[in-house]
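Beneath this line is the structure, given in structure tokens, with notes to follow.
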Amino acid sequence: MTEFQVLNTRAPRLDAPAKATGRAKYADDLSMPGMLYAAILQSPLPHAKILHIDTSKALKLPGVKAMITAKEAGLVKYGVSPARYDETLFAHDKVRYVGDEIAALAAVDQATAQEALSLIKVDYEELPAVFDMFEAMKEGAPQIHNEFPGNLTAEVHQEFGDTDAALAECDLVVDHTFLNKRQDAAFIEPHSCLAVFDLDGKLTLHSSTQVPHYVMRTVAMVLQIPVGNVRVVKPYVGGGFGPKCEATPLEMSCALLARLTGKPVKMTYSREQVFLHSRARHQFYAEMSLGVKKDGTMVALKNKAVLDGGAYTSFGIATVYYSGSLLGGPYKLQAMKYDGYRVYTNKPACGAQRGHGGVAHRAAFEQLLDMTAEKLGIDPVEMRLKNIMTTGDMTVNQLDMSSLGMKECVEAVRDNSDWKNKKGKLPKGKGIGMACGFFVSGAGYPIYRSDTYHSTVVIKVSEDGGIANVLTGSAEIGQGSDTAMAMIAAETLGIPLDNVRVVSGDTDLSVDLGAYSSRQTLMTGHATKEAAEHVRAQIAAYLAEAMGCDPASISFRNGTVRFNGGPGDFEKIRTQYIKEHRGWTDPPSGEYLTFREAARLAYLKGGTLVGTGKYKPPRLGGDYKGAAVGTSPAYGCSAQVVEVTVDLETGQVTVDDMTDAHDCGLAINRTSVEGQMQGSLSMGLGECLFEEVKFDSHGRVVNASLGEYRIATALDMPNVKSIIVESNEPNGPYGAKEVGEGAIMPTIPAILNAIYDATGVRITELPCTSERLYMAMRAQKDKK
Amino acid sequence: MKTIIQLTVNGEPVEAAVEPNQTLLQFLRDDLELTGTKHGCGLGDCGACTVIVDGMPVNSCLVLAVQAAGREVLTIEGLAENGKLHPIQQAFVDKGAIQCGFCSPGMILSAKALLAANPKPTEHEIRTAISGNLCRCTGYQKIVEAVQEAVKTIEGMEVS
Amino acid sequence: MLLPKFDYHEPSTLEEALHLLSEFGGNAKVLAGGTDLLVKMKLKIDKPAHIISIARVPGMDAIIPRDGHAVTVGAAATAADLSRHELIKERFTPLALASGKLGAPMIRNRATIGGNLVNGRPAADLPPACMVLNATVKLKSNTAEREVPVSEFFRGPGDTLIEPNELMVSINVETPPPWSGGHYIKLGARKTLEISMVNVATMITLQSPDGPILDARIALGAVAPTPVRAFAAEELLIGQQPSEELFRRAGEVGVGMCSPITDHRGTMEYRCMMIEVLTRKSLEASLEQARSWKP
């Protein structure tokens with residue numbers, strides 16, 4: 001990989017200095033003259049008819065400028081997937097969870113807005129509520145949406161091969177069940193937005209979002225604003241991880257209030273509201289049977305998923321497909337059957353969160369694999385190596401592993417963790433465990449049915465100075481996409497990274513579906529590369545004309561131009577440039593023509609120098625129902641080994657060591673890739689050991705704070721040995737594919753498998769708190 | 001009723017009228033437009049609002065503006081001098097310790113307070129110093145490495 | 001999250017503070033570190049009309065050794081100060097350990113011992129430590145002054161003996177006798193930023209390094225409406241030769257003194273089991289410290 005000038009290095013991020021100095025402006029940092037503050041009225045009840053809303057007292061409060069309910073907002077239905085548009089901006093006939101939005105208002109300051117909320121009087125008729133997904137599916141359960149009887153948002157039934165027959169042929173079939181809990185993404189920056197309507201009726205929405213494009217479309221649709229008049233601009237974003245992948249009531253309320261008042265309107269969720277809004281990880285129940293041959297060969301898998309999705313669909317229809325499709329790999333299977341159910345309950349809606357529907361079922365499966373290996377007397381690492389797929393393989397559900405460095409990842413973590421000398425040799429209370437996983441590099445299809453490009457990029461080169469401005473609708477949310485695109489542009493143009501600027505996250509710039517399903521490195525990367533190639537070709541054409549040579553003989557390298565590999569005779573071009581810059585003290589010099597001069601020549605000859613690039617995956621996937629979900633142009637994969645110490649007297653778990661290998665195809669920026677790996681592991685550790693959104697018997701979130709919803713602190717996380725594997729993905733720009741979500745897949749099961757190794761106890765319900773583990777160890781001791 | 005307070009912020013004297021129920025965080029962000037200090041939770045659970053008051057890192061969401069009267073407050077905006085990054089900031093940039101950046105101001109200030117009191121901390125001491133600053137992006141590792149790097153830089157600067 | 005409106009007072013002398021308390025009494029709250037009070041106000045649990053800050057009252061944060069036989073800790077001494085103070089670490093170990101485990105660094109820089117005691121939370125870190133040290137608290141009003149043992153200070157969750165017109169000004173602790181050692185353990189989910197599920201402070205005094213136990217004190221937090229002294233468990237230990245078995249039995253007895261609840265942090269059953277385990281562990285650590293006592 002040493003042939004790259006810019007790629008595969010540890011270039012510092014473009015946005016790091018702004019973030020390190022406090023200059024970076026996030027949504028709540030924005031302020032405009034005359035700005036109003038908005039607040040949302042949310043339901044205190046989990047399920048109730050709205051009989052009457054009286055806003056009269058609130059409107060009379062001095063300082064309140066506007067009030068909206070379903071009456072003003074209208075009833076255009078929306079959601080994430082058009083197949084499941086099941087929500088309106090405000091509840092009109094009934095509320096479906098504690099937190100459901102009923103009204104919003106704008107006032108001169110936050111205190112007035114909060115006081116006004118308390119003056120809104122709503123008459124409810126309480127309805128019976130249901131909080132458990134299994135209860136919700138039963139006959140006679142309260143119906144949450146009339147259009148979805150049995151509270152089933154979505155039901156999936158897929159079969160590849162004859163699973164029953166295949167299982168019957170197996171030497172061993174092992175069954176397993178697993179349950180996780182609802183989680184929260186816990187990004188440190190709460191949702192926030194500032195909406196401005198100009199006098200021409202054009203909306204600009206500054207919002208902390210991962211998906212400016214989807215927000216633009218939803219806002220235009222729901223508020224019935226011509227889509228060409230809606231601009232969404234993403235400022236700096238303090239993390240997303242999934243819940244910021246859809247338009248929020250916060251955004252739509254602010255937009256509507258901005259239109260009504262003619263003033264800029266800002267709203268930021270409190271931390272509690274972030275928990276109530278959720279759109280985070282579903283609760284998953286997994287039930288699986290794995291059939292194997294006695295030599296350890298995997299044959300068939302039966303998999304069932306029941307998902308608690310809360311009161312609205314959000315991403316749920318995709319989530320329930322992923323719980324099945326993402327078990328098609330990274331191991332070879334001959335047959336697979338999947339039945340999935342996504343259920344409504346009277347709780348906040350669940351959506352997509354890092355790893356989406358794959359995380360819980362991957363955890364269940366990797367545990368099941370370990371259990372199976374143990375029964376056969378096979379080492380867990382050997383069990384994986386025996387069954388993993390390789391580059392070029394196709395899963396049983398027709399996902400194409402165009403590159404898959406799974407073997408390299410497994411061997412890397414085995415060797416770097418000293419697995420062979422530790423497994424089976426650690427004292428009681430200490431354990432080592434491993435697991436694997438994989439994930440899409442971008443969903444194969446957009447959320448709405450369309451032939452749209454998934455990413456388009458414009459590169460405009462400055463008329464002087466040789467600066468490349470990359471203009472992209474893609475969303476930098478902390479994962480490093482701006483820097484990655486700059487590096488791809490720099491590499492392709494043959495210029496130093498320092499000469500590239502990125503403007504991003506603005507729907508006026510280009511269409512990009514945004515930061516979700518780990519798509520931007522591959523998809524936006526392709527579009528960026530193409531745009532840069534387009535620019536380069538134009539410059540080469542003008543140079544060829546000026547120099548009287550073949551454009552194919554021109555190459556760009558590190559800010560200079562080669563003609564047939566040599567300096568060429570560019571005297572005239574340089575002389576003209578210097579003439580135009582009489583008096584300047586930094587004339588271009590050196591043996592080679594500079595990019596600066598070449599770009600200026602191109603401008604003088606052709607005017608504005610703009611390159612465009614676009615990307616959309618080829619038609620992917622099989623012909624069966626739901627085949628789309630799980631398809632991707634490429635798959636990243638990951639293996640992890642974790643070591644733990646368990647305090648056998650209290651059940652407390654300390655994660656001592658983590659070794660992680662991730663195949664990202666090609667690391668555009670090595671530091672960024674490691675950062676995403678380490679961050680994924682810390683979220684996985686938190687989800688495994690501490691994280692759980694808890695409810696009381698009235699459907700209220702009991703721990704809606706970062707004190708009681710516990711994410712890993714610096715004292716909980718160990719150091720991670722991060723190993724980058726590069727399998728050179730043919731479908732990725734320069735061979736690159738994802739890292740952002742594939743890296744979280746093995747973490748939970750690796751920790752659980754290590755805990756089993758340390759204690760002989762298998763925890764099949766998350767989180768593995770000290771109490772849960774302690775009680776399980778005691779129960780096991782009592783059994784003996 | 002507003003009170004006039006006088007304090008020093010980032011080395012500069014400041015005089016302002018504040019409401020008693022205004023937190024130091026609100027005062028810094030809304031009145032002084034120093035938006036580098038962030039609001040993550042409002043309850044002291046996340047550390048995004050960390051500032052240094054009289055040399056000690058505190059959650060500014062749990063300090064009243066009036067309580068800061070007569071005190072020296074250092075925010076993230078006060079670290080870089082004449083456009084040059086403080087060694088801790090530079091180390092965060094160089095080591096990839098910043099992803100979304102929302103926890104970074106608080107982290108950097110906690111690190112600054114640590115190194116002022118303990119110029120050669122162990123890894124455990126670094127992790128303890130930042131244990132009240134939550135990060136969801138990095139897993140903390142590169143943050144710890146950045147602080148270790150800053151230790152060396154500062155040491156080198158003092159020698160030369 | 002917004003704070004409600006209130007009148008703010010910042011007395012510069014103790015007399016002024018006490019006068020304000022007598023005037024506003026039940027409608028006022030004392031503001032020290034603010035890490036509890038301001039949180040409660042933001043959550044709308046407390047809405048005092050008046051806030052009396054003691055930040056400018058001189059001497060309230062002082063930690064004053066008294067000739068080797070005691071120490072007087074100002075009620076406004078912070079957890080950070082207590083955790084780092086050499087004398088507290090050496091002779092009043094449970095208090096230093098508990099202070100060091102409270103919250104996280106930024107919280108410790110503001111949270112005060114007075115606040116931690118007066119807030120009366122069952123799971124607070126400092127009360128059990130103060131109890132095993134037999135600390136007394138000095139409460140002052142503008143007309144009177146009294147000293148109350150910490151063991152008698154707590155009445156129920158959030159309910160203590162302090163009157164609305166009183167201010168806690170200091171905590172007095174007598175230096176434990178030679179061959180004493182103390183410890184504090186906290187059980188939480190993460191390694192920091194935790195509110196305890198169970199916490200245990202212990203203090204052991206030996207007759208001699210190899211000798212029997214002269215005195216033992218065990219205090220448990222988060223397992224009853226108030227922090228409790230496990231007197232029956234202590235009695236079991238006094239006069240006995242220390243051993244793991246003895247400590248285990250003490251732990252068992254300690255469970256009987258508690259009435260933990262099941263809440264979203266943990267069940268009653270688990271808490272009971274942990275009382276046993278943590279009491280034993282804490283006693284073992286106290287014993288080790290007692291044996292290595294140096295003048």
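Every chain is numbered from 1 and lettered A, B, ... according to where its sequence line falls, protein lines coming before strand lines.
A donor-acceptor pair is defined here as one N or O able to donate and one able to accept, closer than 3.5 Å; such a pair exists between the side chain of B/R127 and the backbone of A/A714. In this structure, the side chain of A/R271 does not engage the main chain of B/G42 through any donor-acceptor pair within 3.5 Å. Side-chain N or O atoms of B/Y140 include none that pairs as donor or acceptor with a backbone N or O of A/D716 at under 3.5 Å.
Taking both residues in full, the closest heavy atoms of B/C46 and A/I188 are given as SG-CG2, 4.5 Å, listed atom of the first, atom of the second, then distance. Residues A/A185 and B/R136 come closest through the heavy atom pair O-NE, 2.7 Å. Nearest heavy-atom pair across A/L706 and B/C41 is CD1-CB, 4.3 Å.
For the set A/S680, A/A20, A/P17, A/P190, the entry with the most heavy-atom pairs within less than 4.5 Å of chain B is A/A20. Heavy-atom pairs under 4.5 Å with chain A peak, among B/M107, B/K142, B/E77, at B/K142. Annotation: maximal heavy-atom pairing with chain B below 4.5 Å, among A/G22, A/P718, A/P12, occurs at A/G22. Per-residue counts of heavy-atom pairs under 4.5 Å with chain B were compared for A/G679, A/S682, A/A18, A/G686; the largest is that of A/G679. Of all the listed residues (B/G47, B/G36, B/G139), the one sharing the greatest number of non-hydrogen pairs under 4.5 Å with chain A is B/G139. Ranked by non-hydrogen atom pairs under 4.5 Å with chain B, the options A/G675, A/G480, A/S672 are led by A/G675.
Here B/R29 pairs with A/D28 in a salt bridge; the nearest charged N to carboxylate O distance falls below 4.0 Å. The pair A/E189-B/K38 does not meet the salt-bridge criterion, since no charged nitrogen lies less than 4.0 angstrom from a carboxylate oxygen.
Residue A/A11 does not touch chain B at all, counting heavy-atom pairs closer than 4.5 Å. Looking at A/E708, there are no atoms closer than 4.5 Å to chain B (heavy atoms on both sides), in backbone or side chain. Only the backbone of A/V237 comes within less than 4.5 Å of a heavy atom in chain B; its side chain stays farther off. Residue B/E123 touches chain A through its side chain alone, counting heavy-atom pairs closer than 4.5 Å. If you measure heavy-atom distances from A/I477 to chain B, the contacts under 4.5 Å come from the backbone alone. With a 4.5 Å cut-off on non-hydrogen atoms, B/H39 touches chain A through its backbone but not through its side chain. Heavy atoms closer than 4.5 Å to chain A are found in the side chain of B/I108, but not in its backbone. Contacts between A/E674 and chain B at a heavy-atom distance below 4.5 Å involve backbone atoms as well as side-chain atoms. In this structure, the portion of B/T138 lying under 4.5 Å from any heavy atom of chain A is its backbone and not its side chain. With a threshold of 4.5 angstrom between heavy atoms, A/S270 does not approach chain B through any atom at all. Looking at B/F102, both its backbone and its side chain come within 4.5 Å of chain A, counting heavy atoms on both sides. Only the backbone of A/A24 comes within less than 4.5 Å of a heavy atom of chain B; no side-chain atom from C-beta onward does.
Here the CD1 atom belonging to B/I143 is positioned 11.0 Å from the CE atom belonging to A/M717, to the nearest 0.5 angstrom. A/S705 OG to B/D45 CG: the interatomic distance, rounded to the nearest 0.5 Å, is 5.0 Å.
Sparse packing is recorded around CZ of A/R23, with 12 or fewer heavy atoms of other residues, nucleotides or ligands lying under 6.0 Å away. A 6.0 Å sphere centred on CD of B/E72 holds no more than 12 heavy atoms belonging to other residues, nucleotides or ligands. A 6.0 Å sphere centred on CG of B/N118 holds more than 12 heavy atoms belonging to other residues, nucleotides or ligands. Surrounding CD of A/E272 are at most 12 heavy atoms belonging to other residues, nucleotides or ligands under 6.0 Å away.
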Q: For the pair A/T21 and B/L79, evaluate side chain to side chain contact (heavy atoms under 4.5 Å, CB included) and give the outcome as yes or no after the intermediate values.
A: CA-CA 7 Å; A/T21 54; B/L79 268 195; over 6 Å; no
Q. Do B/E33 and A/D29 pass the side chain to side chain contact (heavy atoms under 4.5 Å, CB included) test, and can you show the C-alpha distance, the side-chain angles, and the key distance before you say yes or no?
A. CA-CA 8 Å; B/E33 292 178 333; A/D29 300 334; over 6 Å; no
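Within residues 93-100 of chain B, the residues that have a heavy atom under 4.5 Å from a heavy atom of chain A are B/V93, B/K95, B/G96, B/I98, B/Q99, B/C100, listed by number.
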